[in-house]
Protein chains: 2
Amino acid sequence: MEQHDHSYKDKKVISIGIVSELTGLSLRQIRYYEERRLISPQRTTRGTRKYSFSDVERLMEIANKREDGVQTNEILKEMRKKEMRSNPDYRKKMLEGQLNAQFHFRNKK
Amino acid sequence: MEQHDHSYKDKKVISIGIVSELTGLSLRQIRYYEERRLISPQRTTRGTRKYSFSDVERLMEIANKREDGVQTNEILKEMRKKEMRSNPDYRKKMLEGQLNAQFHFRNKK
DNA sequence: CGTGTAAGGAATTCTGACACG
DNA sequence: CGTGTAAGGAATTCTGACACG
């Protein structure tokens with residue numbers, strides 16, 4: 001589950017109040033985006049939310065899209081696509097897919 | 001006053017409770033090291049302390065030295081030396097100093 | 001759908017001080 | 001000197017709900 005371990009960027013250590021200051025979003029908005037599964041903070045033992053710098057960046061992207069009128073549902077889809085694209089497994093499959101396409105194309109011709 | 005700006009490492013965003021968990025130090029200890037000027041967290045508008053990952057690393061160094069019985073006073077001196085060494089201005093002067101030393105050495109011989 | 005807000009409780013943080021040594 | 005602790009107050013965060021639209 002861990003990648004670099006020394007990547008400060010992904011350490012969940014920021015409380016929601018600071019995230020709010022950093023992003024300009026209200027606490028309500030930040031919690032709502034979690035409900036819609038756009039972000040997933042960690043919880044401390046007693047249940048307070050902790051965010052990483054990655055989460056903060058993600059929230060700023062979300063804020064931009066929301067400003068453009070994009071619904072959370074759409075934002076979720078877009079983000080899933082993006083994540084897929086950066087997934088090595090998916091890349092491999094895409095490559096195979098492309099080769100197959102070329103193959104079919106040649107045969108059709 | 002800023003270096004990279006994109007250096008998450010130096011952004012003061014972590015509350016003292018999290019720092020305590022991260023370092024294993026008590027709140028009392030963390031505040032005391034601040035009193036002794038070993039660290040300098042930022043304050044939010046209402047006065048709560050905010051630390052960076054750099055601060056956390058520094059605190060871990062402090063913890064190690066304290067375990068070895070080094071007094072805060074000594075730790076402060078050591079850290080100042082270290083900072084001097086990594087200060088470009090100081091480097092320049094040291095270089096000049098060395099050259100001078102060589103010069104004197106030659107003349108003496 | 002996305003966000004504001006009032007509500008009540010629980011957990012956090014702050015400071016200054018006394019204690020021990 | 002370095003750290004623990006009890007004390008009282010202020011600020012933070014949490015959840016579930018009602019409101020508007």
Side-chain angles (χ1 to χ4, degrees), chain A residues 11-80, chain B residues 11-80:
Chain A
K11 275 213 159 185
K12 308 259 186 179
V13 295
I14 315 177
S15 63
I16 195 167
I18 302 289
V19 171
S20 173
E21 281 180 29
L22 257 32
T23 60
L25 294 167
S26 71
L27 305 186
R28 183 67 163 100
Q29 287 174 310
I30 298 170
R31 292 189 191 118
Y32 180 67
Y33 299 151
E34 177 183 358
E35 193 186 318
R36 301 311 315 279
R37 326 220 114 206
L38 296 180
I39 41 167
S40 35
Q42 269 184 12
R43 297 290 184 126
T44 62
T45 331
R46 286 106 176 185
T48 85
R49 278 168 261 248
K50 292 299 158 191
Y51 302 83
S52 66
F53 283 112
S54 293
D55 291 328
V56 170
E57 286 187 3
R58 199 176 173 103
L59 281 167
M60 289 171 76
E61 272 189 60
I62 294 171
N64 285 333
K65 292 189 181 167
R66 282 294 303 130
E67 272 177 25
D68 295 346
V70 186
Q71 295 198 335
T72 55
N73 203 19
E74 287 305 315
I75 298 177
L76 183 57
K77 281 185 208 162
E78 287 175 30
M79 288 184 155
R80 279 187 179 151
Chain B
K11 276 213 155 183
K12 309 258 186 180
V13 296
I14 316 179
S15 64
I16 196 168
I18 302 289
V19 171
S20 173
E21 282 179 28
L22 256 30
T23 60
L25 295 166
S26 71
L27 305 187
R28 183 66 164 103
Q29 287 174 310
I30 298 170
R31 292 190 192 118
Y32 180 66
Y33 299 151
E34 177 184 357
E35 194 186 316
R36 302 311 314 279
R37 326 219 113 206
L38 296 180
I39 40 167
S40 36
Q42 270 184 10
R43 297 290 184 126
T44 63
T45 331
R46 285 110 178 181
T48 84
R49 278 169 262 249
K50 292 298 158 190
Y51 303 83
S52 66
F53 283 112
S54 294
D55 291 328
V56 171
E57 285 187 3
R58 199 176 173 105
L59 281 167
M60 289 170 77
E61 272 188 60
I62 294 171
N64 286 333
K65 293 189 180 166
R66 282 294 303 130
E67 272 176 27
D68 295 346
V70 185
Q71 295 198 336
T72 55
N73 204 19
E74 288 304 315
I75 298 177
L76 184 58
K77 281 185 209 160
E78 288 176 29
M79 286 185 158
R80 278 187 178 150

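Just the heavy atoms: all of them, side chains too, but no hydrogens, waters or symmetry mates, feed the values below. Naming convention: chains lettered A, B, ... in sequence-line order (proteins, then strands); numbering from 1 in each chain.
Using a 4.0 Å cut-off between charged side-chain N and carboxylate O, A:E34 and A:R43 make a salt bridge. Contact check on A:E61 versus A:R58 returns no salt bridge, with no Lys/Arg side-chain nitrogen under 4.0 Å from an Asp/Glu carboxylate oxygen. Classification of B:K65 and B:E78 as a salt-bridged pair holds, one side-chain N sitting under 4.0 Å from a carboxylate O.
In terms of phosphate contacts, A:R36 brings a side-chain nitrogen or oxygen within less than 4.0 Å of OP1 or OP2 of C:dG2. Side-chain nitrogen and oxygen atoms of B:S15 include none within less than 4.0 Å of the OP1 or OP2 phosphate oxygen of D:dT12. Using a 4.0 Å cut-off, no side-chain N or O of A:R49 falls inside it from OP1 or OP2 of D:dT13. The phosphate of D:dT12 (OP1 or OP2) has a side-chain N or O of B:R46 nearer than 4.0 angstrom. Put simply, B:Y33 has a side-chain N or O that comes within less than 4.0 Å of OP1 or OP2 on D:dT3.
Distance alone, capped at 3.5 Å, places no donor-acceptor pair between the A:R31 side chain and the A:E35 backbone. A:K11 places no side-chain N or O within donor-acceptor distance of the main-chain N or O of A:F53, the cut-off being under 3.5 Å.
The partner of C:dA10, taking Watson-Crick or G-U wobble pairs whose two distances both stay under 3.5 Å, is D:dT12. With both pairing distances under 3.5 Å, C:dT3 is matched to D:dA19 as a Watson-Crick or G-U wobble pair.
A:E35 has its CD atom 14 Å from the C1' atom of D:dC14, to the nearest Å. The CZ atom of A:R43 sits 17 Å away from the P atom of C:dA10 (whole-angstrom rounding). A:L27 has its CG atom 8 Å from the P atom of D:dC14, to the nearest Å. As a whole-Å value, the separation of A:E34 CD from C:dT3 C1' is 16 Å. At whole-Å resolution of the value, CD in B:E21 and C1' in C:dT12 are 12 Å apart. As rounded to whole Å, 14 Å separates atom C1' of D:dG2 from atom CD1 of B:I39. To the nearest angstrom, C1' of C:dG16 lies 12 Å from CZ of B:R31. Separating the CD atom of B:Q29 from the C1' atom of D:dT5 is a distance of 14 Å, rounded to the nearest angstrom.
Mapping B:T48 and B:Y32 onto DNA chain D by nearest heavy atom places B:Y32 at the nucleotide closer to the 5' end.
Backbone-only engagement by B:R66 is indicated by non-hydrogen atom pairs under 4.0 Å involving sugar-phosphate atoms exclusively.
Counting non-hydrogen atoms of other residues, nucleotides and ligands closer than 6.0 Å to CZ of B:R80 gives a total of 12 or fewer.
Heavy-atom distances under 4.0 Å link DNA chain C to A:Q71, A:T72 of residues 67-74 of chain A, given in residue order.
Counting all heavy atoms, side chain and backbone alike, A:S40 lies closest to A:K12 at O-NZ, 2.8 Å. What you find for A:L27 and A:I16 is that their closest heavy atoms are CD2-O, 3.8 Å.
Put simply, the side chain of A:R28 and the base of C:dT5 share a donor and an acceptor less than 3.5 Å apart.
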